[in-house]
Enquirer: 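Below is the structure I would like to discuss, written out as C-alpha cells.
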There are 2 protein chains.
Amino acid sequence: MVVVYTEANGQLERSDTRKEDIFRAASSLFSIRGYQATSVRDIARELDLQGGSLYSHVASKEDMLWEIVSRAADAFLTTVQPIAASREPAPARLTNMIAAHIEIVVARLSQATVFFQDWRHLGDDRRNEIIRRRDAYEALYRQVIADGIAAGDLRNIDPKLAAIALLSALNGLPGWYRSDGPWSNSDLASGYADLLLAGLLRGPSGDEKAT
Amino acid sequence: MVVVYTEANGQLERSDTRKEDIFRAASSLFSIRGYQATSVRDIARELDLQGGSLYSHVASKEDMLWEIVSRAADAFLTTVQPIAASREPAPARLTNMIAAHIEIVVARLSQATVFFQDWRHLGDDRRNEIIRRRDAYEALYRQVIADGIAAGDLRNIDPKLAAIALLSALNGLPGWYRSDGPWSNSDLASGYADLLLAGLLRGPSGDEKAT
DNA sequence: CCTACCGATCGGTAGG
DNA sequence: CCTACCGATCGGTAGG
C-alpha cells in the first residue's frame with residue numbers, strides 16, 4: 001500500500017493514494033449526478049475497478065459522502081474562524097471572510113458542491129453534526145455583522161437576516177461558478193464581496209459619491 | 001372521476017382531484033428527501049394506495065417531477081415578467097420583483113424547494129427546457145439592473161454578476177425559510193428586498209444618512 | 001483487487 | 001385501484 005501525507009482540515013493526515021483517488025472520483029460524480037443517483041459501481045468504473053473492490057478501502061457509500069462533506073465543512077470553519085476573530089474593523093473582516101469562502105469554493109469546487117447539495121443524505125448523527133457546524137459557521141458572520149452595527153460601521157439591520165442573505169448568496173456560488181467563466185477568480189471575489197458588503201454598509205455605498 | 005378546475009400557470013387547467021393529491025404528496029416528499037431518495041411506493045403510501053396504483057394517474061415518476069418543476073418555473077416567470085416590463089424606475093421594479101419572488105416561495109414552499117433542488121434529475125429534453133426558463137428568468141433581473149445603471153439609479157456594477165448574486169440569495173430562501181420562523185412574511189420580504197437592493201443602489205444606502 | 005454471489009428494493013406492467 | 005409479478009439495479013460480503 002502506497003502511503004503519503006496530505007493536508008486536510010489544516011493538519012497532516014496519513015492516507016494512501018488509492019483512498020484519495022476514491023475521494024476525488026466520488027466528489028466529482030456526487031457533484032454532477034448527486035449522491036443518490038451515483039452508484040458505488042459508477043465510482044469503481046471511474047477508477048477501472050470492479051464494483052465490490054471499493055470496499056477494500058471504504059466501509060460504506062455513506063462513509064465516502066461523510067468524508068467529503070465533513071472535510072468541506074471543516075475547511076470553511078477553520079479558514080474563516082480566525083478571520084472573524086481578528087482585530088480588524090467589521091467591514092474589513094467581512095470582506096476577508098467572503099474572499100476566503102470564495103477561494104475555498106473555487107479551489108475545491110466539487111467537494112463544496114457535494115457539501116451544499118448532499119449533506120441531507122447523511123445518517124441522523126452525522127447530519128446533526130453537519131447542521132451544528134453550519135450553525136457555527138453562520139454564527140461567525142452573524143457576530144461580525146452585529147459587531148459592525150454596534151461600532152456604527154454597518155446599517156442597523158437584523159444581523160441574522162443579513163447573515164442568512166449573505167451566506168445564501170455565497171452558497172449559490174457552486175451552482176453557477178465555472179472555472180472557464182467570464183470572471184477571473186480575483187475579479188469574482190472582489191466583485192462579489194463588494195456587492196454583498198455594499199448592502200450592509202452605512203453611508204454612501206461603494207465607489208459612487210452620495211447624491 | 002372527479003373533475004375540478006384549478007389555477008395553474010395563470011390559466012385554468014382541467015384536472016381531477018386525485019392527480020392534485022398526488023402532486024401535493026410528491027411535492028412534499030421530494031422536497032424533504034429529494035427526488036432520487038423518494039420511491040413511488042413512498043408517495044403511494046402517503047395517499048393510502050398500493051404501489052402500482054399511482055400509475056392509473058401518472059405515466060412515470062419523472063412525469064411527477066416535471067409537473068412540479070415546470071409549474072414552479074412558470075409561476076416565477078409569469079409573475080415576475082410583467083413587473084420587469086412595467087414602466088416604473090428600475091429600483092422600484094427590482095423591489096417588486098424580489099417581493100413577488102418571495103411570495104411565490106412562501107406560498108408554494110415544497111414545490112419551490114423541489115424546483116431548485118431536483119431539476120437536474122429530469123431527462124435531457126426537459127432539463128434543457130428548464131435551463132432555458134431559468135436563463136430567461138435571470139435575464140429579467142439582468143435587464144432591469146442594466147436599465148437602472150443606464151438611468152443612473154444603480155451603481156456601475158456588472159449586471160450579470162449582480163443578477164446572479166441577487167438570484168443566489170433568493171434561491172437560498174427555500175433552504176432556510178420556515179413558516180414558523182422569527183419573521184412575518186411581509187417583514188421578510190421587505191427586509192430581504194431592502195438588503196439586496198441596498199447593495200446595488202447609488203448614493204446613500206437605505207435608511208441611513210450619508211456620512 | 002476479482003469473481004460470484006446475497007437479499008432488498010427499485011420503477012413499471014398485466015390482468016382483473 | 002389491487003394483486004402479483006417483471007427485469008434491473010442497488011449496497012454490501014465471502015472467499016480467494
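Quick caveat: nothing in here was measured; it's all calculated off a predicted structure. All chains are named by letter (A, B, ...) in the order of the sequence lines, taking the proteins before the strands, and each is independently numbered beginning at 1.
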Enquirer: In whole angstroms, how far is the P atom of D:dT3 from the CD atom of B:Gln50?
Expert: 5 Å
Enquirer: With a 3.5 Å cut-off and sequence neighbours excluded, list the donor-acceptor pairs that the side chains of residues 29-37 of chain A form with protein atoms.
Expert:
from    : atom 1 : to      : atom 2 : distance (Å)
A:Ser31 : OG     : A:Ser27 : O      : 3.2
A:Ser31 : OG     : A:Ser28 : O      : 2.8
A:Arg33 : NH1    : A:Asp42 : OD2    : 3.1
A:Tyr35 : OH     : A:Glu62 : N      : 3.3

Enquirer: Name the stems with DNA chain C in them: runs of three or more consecutive Watson-Crick or G-U pairs, distances under 3.5 Å?
Expert: C:1-16 with D:1-16
Enquirer: Residues two or more places apart in sequence or in another chain: which of them pass side-chain contact (heavy atoms from CB on, under 4.5 Å) with A:Ala162?
Expert: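 Applying side-chain contact (heavy atoms from CB on, under 4.5 Å) to A:Ala162 gives A:Ile145, A:Ile157, A:Leu200, B:Leu195.
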Enquirer: May I have the distance from B:Ile22 (atom CD1) to D:dC1 (atom P), rounded to whole angstrom?
Expert: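 My rounded result for the distance is 8 Å.
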Enquirer: Sorted by first residue and then second, give each salt bridge (charged side-chain N to carboxylate O under 4.0 Å, His left out) pair with at least one member in residues 76-102 of chain B; sequence neighbours left out.
Expert: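 Qualifying pairs, neighbours excluded: B:Arg93-B:Asp147.
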Enquirer: Who pairs with B:Arg127 by salt bridge (charged side-chain N to carboxylate O under 4.0 Å, His left out), at least two apart in sequence or on another chain?
Expert: B:Asp124
Enquirer: Atom CZ of A:Arg18 and atom C1' of C:dC1: how far apart are they, to the nearest Å?
Expert: 9 Å
Enquirer: Taking atom P of C:dC1 as reference, at what distance in whole Å does atom CD of A:Glu46 sit?
Expert: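 In whole Å, C:dC1 P lies 15 Å from A:Glu46 CD.
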Enquirer: Starting from C1' on D:dT3, measure out to CG on B:Leu54 and report it in whole angstrom.
Expert: 15 Å
Enquirer: Summarise how protein sits on nucleotides 11-16 of chain C as a single string, 5' to 3': B when a protein heavy atom is under 4.0 Å from the base, S for sugar-phosphate-only contact, - for no contact.
Expert: BBB---
Enquirer: For A:Leu49 and C:dT3, give me the distance from atom CG to atom P, rounded to whole Å.
Expert: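 These atoms are roughly 11 Å apart.
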Enquirer: Could I get the full list of salt bridge (charged side-chain N to carboxylate O under 4.0 Å, His left out) partners for A:Glu129, not counting sequence neighbours?
Expert: A:Arg132, A:Arg133
Enquirer: For B:Asp125, does the CG atom have more than 12 heavy-atom neighbours from other residues, nucleotides or ligands under 6.0 Å away?
Expert: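 Open.
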Enquirer: Please list all pairs meeting ring-ring contact (aromatic ring centres under 6.0 Å, His included) that have one or both residues in residues 82-103 of chain A, counting only residues at least two apart or in different chains.
Expert: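 Non-adjacent pairs meeting ring-ring contact (aromatic ring centres under 6.0 Å, His included): A:Phe76-A:His101, A:His101-A:Tyr137.
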Enquirer: Sequence neighbours left out, what passes salt bridge (charged side-chain N to carboxylate O under 4.0 Å, His left out) with B:Lys160? Give chain and number order.
Expert: B:Glu138
